[in-house]
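Below: the structure, in structure tokens.
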Amino acid sequence: MSRYNVKETEAKWQTAWEQQGCFTAVDDASRPKYYVLEMFPYPSGRIHMGHVRNYTIGDVIARHKRAKGFNVLHPMGWDAFGLPAENAALEKKVHPAVWTRENIATMRGQLKTMGLSIDWGRELATCDVEYYRHEQKMFLDFLREGLAYRKESWVNWDPVDNTVLANEQVIDGRGWRTGALVEKRKLSQWFLKITAFADELLDALKGLDRWPDRVRIMQENWIGRSTGLRFRFRLSGRDDGLEVFTTRPDTLFGASFAAISPNHPLAQELAAGNPVLAEFIAECSRVGTSEEAIETQEKRGYDTGLRVVHPFDESWALPVYVANFVLMEYGTGAIFGCPAHDQRDLDFANKYRLPVRPVVIPADTDPAAFVVEGEAYTGPGVLRNSRFLDGLDAESAKDEVGRRMEEMGQGERTTVYRLRDWGVSRQRYWGCPIPVIHCPSCGVVPVPESDLPVVLPEDVTFDKPGNPLDHHPTWKHTRCPTCGGVATRETDTFDTFIESSWYFARFCSPRVEDQAFTRSSVDYWLPVDQYIGGIEHAVLHLLYSRFWTRALSQCGYMELPEPFAGLFTQGMVNHETYKDARTGGWLSPADVAKSESGALLRVDDGGPVTVGRVEKMSKSKKNVVDPAAIIGTYGADAARLFMLSDSPPERDLEWTEAGIDGAWRYINRLWRMVTEPPVALPGADETMTGPFSDRGNATRRLIHKTIAGMSDDLEKFRFNKAVARIRELTNALGEIDGSGEGEGWVLREGYETAVRLIGPMMPHLAEELWQRLGGSGLLADQPWPEADPALAVDDEITVAVQVNGKLRATIALPRDAAKDVAEAAALGDSNVVKALDGKPVRKVIVVPNRVINVVV
RNA sequence: GCCCCAAUGGCGGAACUGGUAGACGCGGCAGACUCAAAAUCUGUUGCCCGAAAGGGCGUGCUGGUUCGAUUCCGGCUUGGGGCACCA
């Protein structure tokens, strides 16, 4: 029995594909294109199982589309700027550039062992000046178009390290390295006007019909377009007013307080003369900048003593609080609180003993008996206790209040968005320099295009906290392009989401030097036909890319409404967790083995191990399996097969030893089957002739059903079903010993089909078997098999017969049998007669080719 | 806190648009081959009653719509993703 030599075989075909330039994409307007793109990896050091899953899925699609005749673009690059490289610099004393480039070299080598059909000639890294110089130009164009501007905004500040912290570096309100209480600081920063496209970004979601619904819903909610009323309260005892925004003007007569954000100018003004309020605002600023931190904290407020006058009742005053749950970024930074109909307002009112007055009463409820205590009522209803609104439904009441406010000139109906402009300044080293100069006399001056690129200097040190660009002896010192005087460069760098907002376009012409991409290449290749990545990018990365595409189009770079026509979001790769039963410390799967009794023990000292939950593979829980080790042992095809088997790709997948073993066994089974057939196969160049044994005919039906089914499965990303189907076919082919009439032919057809169908999933094994079956050329260049429609459907169908919805029998009927024929056959079945027990038949429902339900 | 998603045998999952629940795989059990083991192959395997034929129950919980619900609707529970400076 010969053995399948994975190592040799996989290396052999990888070399063959590379030498023949199989996957090199060439612009060719005469052919239909297909652009497959997986989200490019951050070069963290080594590839992980999430990458293996992502790139396996993408490669199956790319190879399938190639076989279907498309001109496929399938590139790879590196999202190479970012925080981890700077952390490595601090922790391991290695320069971010060195660390990043070494990681890229390692990961490129690892990816190449996966046998992906990638055009490596288009590889790019975003930390290379050849890449980021173009986004500096784009930024200057955005500036010119009014899409970029400066404003003050808040950052997390570590007062010990004197450093700006990312949200993930703030743990329970403290800096991750120093443990110091984090403060909020105001800095002048660059913003991109994504809100200018809010309506477009929202409305265009409808057209993204090959995106998952949940991603579209998440983006819709993120943009958060809502219509409401902006109006002005009169402040008693003051000349100015307080402008608030509400989406519930109907509840105005249920108001019991007004609240402003701690960052509201009025709060700042009052704090100047009020140390207690100043302290309260300072406390609020100690919570981080993230919305999560703000929304989950206990709702607290400070009564300013100010009162606002109810717009429809001069004698009605409401207290004004500074409240920690009011966001300055949304609406006007001030609200009125109606506790009965808003949960946050109710929690607040209960804490500060403010009145709770229901004004929207659900239909069929006695208004006198309707009380709101712990839970706010946010459903529909009829207005009560609301003077001129009484009796109206909530929607009409909103209109009525809006109309009257507009009449009085005290407010206006308006649309607001939850979406905020995109802050792109980062006080970090390892990123693209922002191409502006600060001049003491001219202010902020853009770097002239002729002076681009602004190159990130690599001769920096990390011995002091803060941004190394600030400490660099010469880099930031320059001359003002306008007046020629002494000036300094901006030392902030761009948010790394910028690099990932246009890399898909750069892949279209990655080597062009004087522009970001050629117009003809993006006109041909874009949009990306199928984009694949994790659901964690559902909002930010995808929304920024959609914005960037529009901004580039506005600046004349291209004419493209949407960057990604199709999107697929894959699930995570999980693994069981293990702990040392004595110390409670996490153990890696490699440190744990099953004993003869079946218990899990430590490999090194035989100590007891407790098994924890199945969780996302993470370094902190040590439940990681290294893909390189798996590929080294079982080969890329086994790893790829396991990634596609069992779990549907959008769901989480649990990595198990048993699963990879199963994939490995299947590969060897297929190898043996094709290389050691039970009878000599007819030659590859002979023409197939019948007749065939009954078993042969049945198998041929299955072969063609498998082609049809698998083609459909691949189009719909049902890779787990595709794997099940190919296994079913393999099982059936294994039943044939070749003794029946024409069975040699059936085996040849079956083996060839199976090999071609597994091509996208297990390309190395498929290529090797294709060669051994005498196939011509590379399998990678072969067209996808076509199903014979006459063989792909059954003539006879098993139909279920139910009595009152319960299954009582199954009967065999010809395909598409007439209703009366089906009904007669069903009623004649002995089990059905028995179940009917002589009762009169009231109705018979016949669903052709599926079910017959007899109702008695 | 807010937004989004998921839940089916011992396990991963299948079931097309509301029409035979459990395809395919893993694991288990029994057998073949072997001195033995591994590998491989064959049979069997949702749970309960039954010798069998067959019957009852069963898709996280709970209520509804329907001739018929894993699938649609209402209310929960548990787990996961995102929340604007992780990528």
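To find a chain, count down the sequence lines: A is the first, B the second, and so on, and within it residues start at 1.
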Exercise. Can the ring centroids of Trp664(A) and Phe642(A) be said to lie less than 6.0 angstrom from one another?
Worked result: no
Categorize [X] for me: base, sugar-phosphate, or nothing, with a 4.0 angstrom heavy-atom threshold over every strand shown.
{"X": "Ala538(A)", "value": "nothing"}
{"X": "Lys616(A)", "value": "nothing"}
{"X": "His537(A)", "value": "base"}
{"X": "Asn731(A)", "value": "sugar-phosphate"}

Distance between [atom1] atoms of [N] and [M] (Å, rounded):
{"N": "G82(B)", "M": "G9(B)", "atom1": "P", "value": "27 Å"}
{"N": "U17(B)", "M": "G27(B)", "atom1": "P", "value": "32 Å"}
{"N": "A69(B)", "M": "C73(B)", "atom1": "C1'", "value": "11 Å"}
{"N": "G18(B)", "M": "U70(B)", "atom1": "C1'", "value": "11 Å"}
{"N": "G22(B)", "M": "G79(B)", "atom1": "P", "value": "31 Å"}
{"N": "G80(B)", "M": "C85(B)", "atom1": "C1'", "value": "24 Å"}
{"N": "G46(B)", "M": "C41(B)", "atom1": "C1'", "value": "26 Å"}
{"N": "G81(B)", "M": "C11(B)", "atom1": "P", "value": "23 Å"}

[N] [atom2] sits how many Å from [X] [atom1], rounded?
{"X": "Arg850(A)", "N": "G18(B)", "atom1": "CZ", "atom2": "C1'", "result": "10 Å"}
{"X": "Ile498(A)", "N": "A84(B)", "atom1": "CD1", "atom2": "P", "result": "18 Å"}
{"X": "Leu641(A)", "N": "C26(B)", "atom1": "CG", "atom2": "P", "result": "11 Å"}
{"X": "Asn221(A)", "N": "G82(B)", "atom1": "CG", "atom2": "P", "result": "16 Å"}
{"X": "Arg214(A)", "N": "C4(B)", "atom1": "CZ", "atom2": "P", "result": "13 Å"}
{"X": "Leu542(A)", "N": "G82(B)", "atom1": "CG", "atom2": "P", "result": "13 Å"}
{"X": "Phe719(A)", "N": "A23(B)", "atom1": "CZ", "atom2": "P", "result": "23 Å"}
{"X": "Asn574(A)", "N": "G79(B)", "atom1": "CG", "atom2": "P", "result": "15 Å"}

For this session: Using a 90° cut-off around 0 for syn, call G56(B) syn or anti.
Result: anti
Can you tell me which nucleotide in [options] comes closest to the side chain of [X]?
{"X": "Glu536(A)", "options": "G81(B), G19(B), C24(B)", "answer": "G81(B)"}
{"X": "Asn853(A)", "options": "C85(B), C67(B), C5(B)", "answer": "C67(B)"}
{"X": "Arg428(A)", "options": "C24(B), G82(B), C85(B)", "answer": "C85(B)"}
{"X": "Thr798(A)", "options": "C86(B), U20(B), C26(B)", "answer": "U20(B)"}
{"X": "Arg665(A)", "options": "C67(B), C26(B), C85(B)", "answer": "C26(B)"}
{"X": "Glu292(A)", "options": "U40(B), C83(B), C85(B)", "answer": "C83(B)"}
{"X": "Ile845(A)", "options": "C85(B), C24(B), C67(B)", "answer": "C67(B)"}
{"X": "Arg613(A)", "options": "G19(B), G79(B), A84(B)", "answer": "G79(B)"}
{"X": "Leu807(A)", "options": "A84(B), A87(B), U20(B)", "answer": "U20(B)"}
{"X": "Met218(A)", "options": "A15(B), A84(B), G81(B)", "answer": "G81(B)"}

Kindly assign one of parallel, tilted or perpendicular to the pair [X] and [Y], based on the angle between their ring planes and the thresholds 30° and 60°.
{"X": "Phe717(A)", "Y": "Phe719(A)", "answer": "perpendicular"}
{"X": "Phe81(A)", "Y": "Tyr132(A)", "answer": "tilted"}
{"X": "His537(A)", "Y": "His541(A)", "answer": "perpendicular"}
{"X": "Tyr531(A)", "Y": "Tyr503(A)", "answer": "tilted"}

Within the structure, does a side-chain N or O atom of [X] lie under 4.0 Å from either OP1 or OP2 of [N]?
{"X": "Asn831(A)", "N": "A53(B)", "answer": "no"}
{"X": "Asn167(A)", "N": "A84(B)", "answer": "yes"}
{"X": "Lys806(A)", "N": "G58(B)", "answer": "no"}

Seminar exercise, completed: What one should report as the nearest heavy-atom pair of Leu205(A) and Gln219(A) is CD2-OE1, 3.7 Å
Exercise. Given the rule in the ring pair (Phe, Tyr, Trp, His ring centres under 6.0 Å) test, do Tyr544(A) and Trp422(A) qualify, once you have shown the distances and angles that lead to the verdict?
Worked result: CA-CA 8 Å; Tyr544(A) 290 149; Trp422(A) 177 12; 3.8 Å; yes
Seminar exercise, completed: Given protein heavy atoms under 4.0 Å, the one-letter contact record of nucleotides 9-14 of chain B, with B base, S sugar-phosphate only and - none, is simply ---BSS
Exercise. Has the side chain of Arg725(A) got a donor or acceptor that lies under 3.5 Å from a partner of the other kind on the base of C24(B)?
Worked result: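 Side chain to base: no pair present.
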Exercise. Do the side chain of Gln427(A) and the base of C85(B) come within less than 3.5 angstrom through a donor-acceptor pair of N or O atoms?
Worked result: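 Check passes, donor-acceptor contact within cut-off.
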Exercise. Within 45° of the ring axis of Trp222(A) and under 6.0 Å from its six-membered ring centre, is that where the NZ or CZ of Arg418(A) lies?
Worked result: yes
For this session: Count the heavy atoms belonging to other residues, nucleotides or ligands that lie under 6.0 Å from NZ of Lys619(A), then report whether that count exceeds 12.
Result: no
